[in-house]
Amino acid sequence: MRGEPSILHVDLDAMFAAVEQRDKVSLRGRPVVVGGVAGRGVVSTASYEARAFGVRSAMPMAQARRRCPPGTAYLSPRFAAYKRTSQVVMALLAEVTPLVEQVSIDEAYLDLTAGDHDLTPHGVTELGLRLKRDIADATGGVTGSIGAASSKLLAKIGSELRKPDGLTVVTPGEELTVLHPLPVGALGGVGPATEQRLHRAGVRSVGDLARIPLDDLVDWFGVAHGNGLFRLARAEDNRPVVSEREAKSVSAEETFDVDLADPARLNRELDLLAARVAGRLKAGGLTGRTVNIKVRHPDFTTVTRAVTRDQPTDDGRLVAQMARRLLAEVDTSGGVRLLGVGVSTLADFAQDDLFSTGLLDGFFTSLPEHFAGPASSPEHFAGPASSPEPVMSAAGEPDLGAAAVALAGGDAEAASGDESTSGDGSASGVTPAVGVAAPATGVAPIPVWRPGQDVLHDEHGAGWVWGSGLGRVTVRFEGPHTPPGPVRTFAVDDLRLHPADPPDWRLAP
DNA sequence: TCTGGGGTCCTAGGACCC
DNA sequence: TCTGGGGTCCTAGGACCC
């Protein structure tokens, strides 16, 4: 274990709800519940005002509605907006240290030993306070809570202790004092099932857990989990902060508003799910050998089926065909509540092929971040879906243009499940989505324009970003509701932040 | 109007191989 | 006839996380 509190855990407070309250003044101070607002939806995030009424993440939305008073706002998620805010924050974190592990859209670990910092408790406290200020400034008021400690375990617990907008530095030597009074459920990896089992054994606090012999824990929970609990209860945690992780699977699933039993309809749904999965595989330059399906019955029992092929694929039709065969093995006569399709045992052959062709030489090196847009040769990129521009493709090779656009964020909305918002009639298609490459020191972040996804506004309407290069961005004035217009080029200097909405970019008049 | 969607990791049993 | 044993791959299910 480290001798300094050199691991930070940064957690944005009720992020989805906070972004909504930031973007809409009338929501501030009111209970806001973000999640699936219709049918079988659940709560993604509740604002602190809504939490006062007992609303929690993963609670059925119907239950949240029963708990909250009139005047509560129930909102579908706007993933593009959350992602923008997330990118602003992650860019800030990358300035602190190169070793950042993004855990989710609103959470990350930082290893401060990879940067040049004063690692005394005082120094880390100063850094945490500064970082909190920077986050709130850069996001237009979304706050984060920070924990600093000698391990991931304690850093995460630290960030929870004083939420929202809190900072806790656990000084080395103090770990067990902080840890042992907490309920066992506060440990990462202790969910409802583990907690129940521990309660039955009379274990309620982490301190109680620390008195249970290793053999008992292994008996109850298996080797891996038992050993894990034994160590965590003693604050023994040397998990490193890891910045890049390879994806292990890609999947898509859907819970239907009403249970489906018609086999033809189920097969069609399977095809759509397979196409979504394949699209995201292609976007990530991935292929996989195993196709999985998931079927949830009306009584919530869930079965999975899988087949593994010799050769990996990213072909949606092939995935669909395999999925249909698997579905035929499952009894669906009683109706289906949820259907899912996944691909695992991934290989990155497609990506390897792209690299080995040399076609991408110089492309990635020009990207400041893994999710940034193109920084050169905009003419090589396909524009919006309606683009007439052919994309280059070596014979028989994966489609570079498609991959490049996807890497530039073209599939970001599908990847984050944004389709769930498409039904609410909001103009999600014209929501600007700005990728952040690297923040200018101390001031507004520099946007990276993503062709086919980002939208710029001027007084006449919205236009898709067509391409971008150093110091300029081209915009085609063609939105989902407007006919194709001219492509115009603007200097980046002519773009400015719209005062009403920090991440929203406008063309200067 | 009970229970989303995208993931990760672990376990256990069977097949198969040496 | 009284049947080893380790390693790896595959499938199904479950717990957990955000």
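In the text below, chain A, chain B and the rest are named by the order of the sequence lines, each starting its count at 1. Please read all numbers here as calculations on a predicted model, not as lab measurements.
For the pair Glu175(A) and Arg234(A), the salt-bridge criterion is not met [side-chain N within less than 4.0 Å of a carboxylate O]. Checked for salt-bridge contact, Lys152(A) and Asp111(A) miss the test: no charged N lies under 4.0 Å from a carboxylate O. For the pair Arg317(A) and Asp271(A), the salt-bridge criterion is not met [side-chain N within less than 4.0 Å of a carboxylate O].
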Treat primed atoms plus P, OP1 and OP2 as sugar-phosphate and everything else as base, then score nucleotides 10-18 of chain C 5' to 3': B for base contact with protein heavy atoms under 4.0 Å, S for sugar-phosphate contact only, - for none. SSSS-SSSS
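Within 4.0 Å of Arg40(A), counting heavy atoms only, lie sugar-phosphate atoms of the nucleic acid but no base atom. Residue Glu254(A) is in sugar-phosphate contact alone, with no base atom involved, counting any heavy-atom pair closer than 4.0 Å across all strands shown.
For the pair Arg296(A) and Phe300(A), the cation sits on the ring face: its NZ or CZ lies under 6.0 Å from the ring centre, inside 45° of the axis. Figure legend: cation-pi geometry between Arg65(A) and Tyr74(A), with NZ or CZ positioned under 6.0 Å from the six-membered ring centre and within 45° of its axis.
Here the separation of dC17(C) from dC2(B), taken at their P atoms, is 27 Å to the nearest Å. dT1(B) and dC18(C) are spaced 31 Å apart, taking the P atom of each and rounding to whole Å.
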How does DNA chain C look in dot-bracket notation if pairs are Watson-Crick or G-U with both distances under 3.5 Å, crossing ones as [ ], other-strand ones as |? ....||||||||||||||
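At distances below 3.5 Å, at least one donor-acceptor pair connects side-chain atoms of Gln21(A) with backbone N or O atoms of Arg30(A). Between the Asp237(A) side chain and the Leu153(A) main chain, a donor and an acceptor come within less than 3.5 Å of each other.
Side-chain contact between His225(A) and Thr194(A) is present, with at least one heavy-atom pair separated by less than 4.5 Å.
For the pair Phe221(A) and Ser251(A), nearest-nucleotide mapping onto DNA chain B gives the more 5' position to Ser251(A). Along DNA chain B, the nucleotide nearest Ala224(A) and the nucleotide nearest Gly39(A) are compared for position; the residue whose nucleotide lies closer to the 5' end is Gly39(A).
In this structure, Arg276(A) atom CZ and dG5(B) atom C1' are separated by 9 Å, rounded to whole Å. One interatomic measurement links the two molecules: CZ of Arg296(A) to C1' of dG5(B), which rounds to 10 Å at whole-angstrom precision. Summarising the geometry, the separation between CZ on Phe16(A) and C1' on dG5(B) is reported as 11 Å, rounded to the nearest angstrom. The distance from atom NZ of Lys83(A) to atom P of dG6(B) is 13 Å, rounded to the nearest whole Å. For Phe300(A) and dG5(B), the CZ to C1' distance is 12 Å, given to the nearest whole Å. As rounded to whole Å, 13 Å separates atom C1' of dT1(B) from atom CE of Met61(A). If you take CD of Glu269(A) and C1' of dG5(B), they are 15 Å apart, rounded to a whole angstrom. The distance from atom CG of Asn227(A) to atom C1' of dC9(B) is 15 Å, rounded to the nearest whole Å.
In this entry the base of dT3(C) is syn relative to its sugar, with a glycosidic angle within 90° of 0. dC2(B) adopts a syn glycosidic conformation, its chi angle falling within 90° of 0. Glycosidic conformation of dT1(B): syn, with the torsion inside 90° of 0.
When the side-chain nitrogen and oxygen atoms of Arg337(A) are compared with OP1 and OP2 of dT3(B), one or more of them lie within a distance under 4.0 Å. Dashed line: the shortest gap from a side-chain N or O of Arg280(A) to OP1 or OP2 of dG7(B) is under 4.0 Å.
The aromatic rings of Phe16(A) and Phe79(A) lie perpendicular to each other, with more than 60° between the two planes, well past the 30° mark.
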I'd like to know whether Ser249(A) forms a side chain to side chain donor-acceptor pair (under 3.5 Å) with Ser344(A), so could you lay out the CA-CA distance, the side-chain angles of the two residues, the decisive distance to 0.1 Å, and finally the verdict. CA-CA 4 Å; Ser249(A) 65; Ser344(A) 54; over 6 Å; no
